Amino acid sequence: MNSYSLISLTAAFIAFCTAIFIYQRNPGSRINLLVSGLAVTVSFTAFTEFVYRLVENPADAYIWLKLSLIWPIIPAILLHISLIHTGRRLKPWMLAPIYGPAAVFALTGLSTNLLISGAMKTYYGWTYALPEPAVLFAAFAVWSIALALAAAFMVLVDYMRAEGYKRRESLYLFIGLFMPLIVSFITDFIVRDLLGIMFPELTQTMLSLGLLFIAYGVWRYEFPELSPAVAAERITEIMPNFLLITDLEGRINRWSRSIEEKLSYTELRGQYVWSIFEATERSMLREIVSSFSLAEMETRILSADGRALDVLLTASPIRGRLSEPIGFVFIATDVTIQRRATERLRESEMRFRGVADNISDGIAITDEEGKVIYWNRALEEITSIGREDAAGRSLDDICFDLVRESLGDDEFLIEGDRIVWRFSFHITEDLMAVIVRDVTETRRYEDSLRSALQERETLIREVHHRVKNNLQIISSLLNLQKPYIRDSEDIRIFEESQTRIKSMAMIHESLYQSESLSEINIKSYLSRLVTELLSTYGASGVVPELEVDEVGLDIEVAVPLALIVNELVTNSLKYALPGGRGQIRIGFRELDGIYLMEYRDTGPGLPDDFNSGGSDSLGMTLVRALVGQLEGELETFTDGGAVFRITFPSGDR
């Protein structure tokens, strides 16, 4: 086996173990997460290096060489680590220029031959063969070196400026992450390429050793993460409660800023902790310190000017890494605020009860187990269950006993023949409110109203039916009168009157037969009207053609429109198509708020003096009057026969 491949395998194992160790030490640290991610990436690239140094043929080596081209992610992660370590605030969009080029280089290398063109055999195993010219690889090299140098420079500057644990952390990051790259640069470019000395590629191995060095720092000094001392400093700065840290004898060495701001102390270092509490509690505090025990008590803390505040004090021993006693932390919570909040909560609860007990809807509140913790007065009246009886019971059990029938839509018939509507919602994750409304009288009123509406509809249908019957009686009376008329002109007038009456009777017949009592489907009505007129006049040779939209018209529009069609069809059958042969066309549609009706026949057309008043017949006089009633306009002309075009508004009349 190739000895250099064993070195790569060892490096992969070290990097992987390092990733696990650093991650589990503090998963919440962003630097720890990034260093762990870097270690995983190094482990993968070292493993690919192990494989392509081990395989025998160039084809297999080329596959693993391409897989190792996720390497561009490494300089990007290094820069990211440096930015976070040195305190730069990164917004999400700022990661794009860091990781974007890395992703482009990696994807290009994996999917094309532009970065590497094949595998080349060396004494330490296979390595990259570059394309000619190696433009993209040169760009990648420059980009990688630039990112690594920028990251190293930031950490180095931070090391020179920092002090204490921060300086040591910067030193470990610089040695662990950037020294391996510097060594690799020297060996790869200077020793091997410039001086021509045989030397294997050891970048992944050096990075693995550097990560191992960082892992030692994490174990020894607990970085890169917040050290305990700095954590204590920051906590004492931002702690809203009164926080005191003492040594084993109870002498104060740190305190929160809130003690300075709220209690007006400026210097407490070296004082005993019990010196700032009431004298009656000092012996108890001494006993807690001497016994090194955990304690919690209500007491009073004193301010620098002698004011006393009620506090809840917690004393917690602090132990070192080997569980040895090293001090105490005292946390005093000002219960004045808590007591005020409790009082406000009590007042809020009383106001809620006052409101909830004086509304007509029933209100129940249940806990996370569905048990009743509140039951208002209205719910007592609706269910006849007192709040004392309901408290602590499962609401489901109460409903099971009460409900007799589900009426759908969250309505139920309960005991006492009451109909209730129920609605529930979460007040908090653990509390649920249930609203119960007695809708018995509402449903009775709705049923009564529904019955009244049905009765009204029946009456309206009956009225339309009787109007239709009365019009038919009038038509029949006229028909009975015709035999006694001798003058042919009078007979014609009688017949025309009959057809007008029939057209109106058909409207009332359509209304009481339709689902809607307020509208007539004009398409079906005109079809019936034209068929009836052709039958009345025996014009079986006349072919009707209707192009009528499905439009609903109320009776105020339908009656005059029906009479207009009646007059026009009658006029065509009597004068334009006297032989009983030809065609009539009726079109009706709605366009942009305007109704348009066009009537045509295939007769000889209109006389020349028609539009100038040459036609004074009753029918045309009636047509013009009806068009005026519709607030419309009438246009007449000849185009292969007589044409009547009527437009009128379709809005509410």
Side-chain angles (χ1 to χ4, degrees), residues 25-26 28-29 87 162-169 220-223 225-347:
R25 291 290 290 185
N26 186 4
S29 168
E163 295 179 357
Y165 91 99
K166 185 68 174 177
R167 181 182 178 90
R168 184 165 51 192
E169 182 177 292
R220 181 67 179 82
Y221 299 108
E222 297 187 353
F223 59 72
E225 59 183 353
L226 196 62
S227 70
V230 175
E233 286 291 341
R234 294 185 183 177
I235 290 172
T236 55
E237 287 179 1
I238 65 174
M239 188 78 171
N241 297 339
F242 304 131
L243 182 143
L244 297 154
I245 299 177
T246 73
D247 59 18
L248 280 173
E249 285 74 35
R251 288 187 291 265
I252 300 170
N253 52 42
R254 287 188 179 86
W255 56 92
S256 63
R257 185 178 296 173
S258 58
I259 289 181
E260 298 177 356
E261 295 175 348
K262 297 179 182 179
L263 301 181
S264 304
Y265 287 107
T266 57
E267 181 57 47
L268 290 172
R269 192 177 305 278
Q271 295 186 34
Y272 287 102
V273 66
W274 45 79
S275 65
I276 63 171
F277 288 89
E278 279 196 332
T280 56
E281 305 291 346
R282 291 176 183 175
S283 60
M284 178 68 72
L285 292 173
R286 287 193 188 96
E287 183 178 345
I288 292 171
V289 171
S290 62
S291 62
F292 198 70
S293 59
L294 176 69
E296 185 174 322
M297 56 189 293
E298 286 192 13
T299 183
R300 306 186 81 188
I301 193 169
L302 303 176
S303 67
D305 55 7
R307 289 180 297 110
L309 296 177
D310 293 329
V311 295
L312 178 64
L313 179 65
T314 301
S316 303
I318 304 174
R319 296 183 181 273
R321 184 180 295 276
L322 301 177
S323 298
E324 72 279 12
I326 60 174
F328 281 90
V329 58
F330 291 87
I331 300 176
T333 303
D334 187 352
V335 296
T336 305
I337 299 174
Q338 181 179 350
R339 287 173 179 171
R340 288 176 183 172
T342 302
E343 186 62 30
R344 285 197 296 269
L345 181 62
R346 186 179 297 109
E347 292 175 0

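Quick caveat, the model's predicted, so the values are computed rather than measured. In what follows, residues are counted from 1 in the order of the sequence shown.
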>> Before you tell me yes or no, could you show the steps for L313 and E296 under side-chain contact (heavy atoms from CB on, under 4.5 Å), namely the whole-Å CA-CA distance, both residues' side-chain angles and the distance that decides it to 0.1 Å?
In response: CA-CA 6 Å; L313 179 65; E296 185 174 322; over 6 Å; no
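Residues S264 and A304 come closest through the heavy atom pair O-CB, 3.5 Å. S258 and S256 make their closest contact through OG-OG, 2.8 Å (heavy atoms, listed as atom of the first residue, atom of the second, distance). Closest of all the heavy-atom pairs between D310 and R300 is OD1-NE, 3.0 Å. Taking each heavy atom of A315 and L294 in turn, the nearest pair found is O-CD1, 3.0 Å. Residues L268 and W255 come closest through the heavy atom pair N-CH2, 3.6 Å.
In this structure, I331 CD1 and L312 CG are separated by 10.5 Å, a value rounded to the nearest 0.5 Å. Expressed to the nearest 0.5 Å, how far OH of Y272 lies from CZ of R282 amounts to 13.5 Å. For the atom pair CD1 (I288) and CZ (F330), the distance works out to 6.5 Å, reported to the nearest 0.5 Å. Note that CG of L263 and CZ of F242 are 4.0 Å apart. Values are rounded to the nearest 0.5 Å.
The shortest side-chain heavy-atom distance between E278 and L302 falls under the 4.5 Å cut-off. For the pair I276/L244, a side-chain contact is recorded, criterion being any heavy-atom separation below 4.5 Å from C-beta on. Using a 4.5 Å cut-off on side-chain heavy atoms (C-beta onward), V289 and T246 make no contact. R269 has its side chain out of reach of I252: every pair of non-hydrogen atoms, C-beta onward, lies at least 4.5 Å apart. Between F328 and F292, some side-chain heavy-atom pair lies under the 4.5 Å cut-off.
For the pairing with I326, the side-chain contact (heavy atoms from CB on, under 4.5 Å) check across D247, I318, L248 returns one residue only, I318.
Heavy-atom contacts from other residues, nucleotides or ligands closer than 6.0 Å to CD of E287 number 12 or fewer.
Side-chain N or O atoms of T333 include none that pairs as donor or acceptor with a backbone N or O of N241 at under 3.5 Å. Between the S303 side chain and the K262 main chain, no donor and acceptor come within less than 3.5 Å of each other. Proximity of a side-chain donor or acceptor of R251 to a complementary backbone N or O of Q271 within less than 3.5 Å is not detected.
No side-chain donor from either of W274 and E281 sits under 3.5 Å from a side-chain acceptor of the other.
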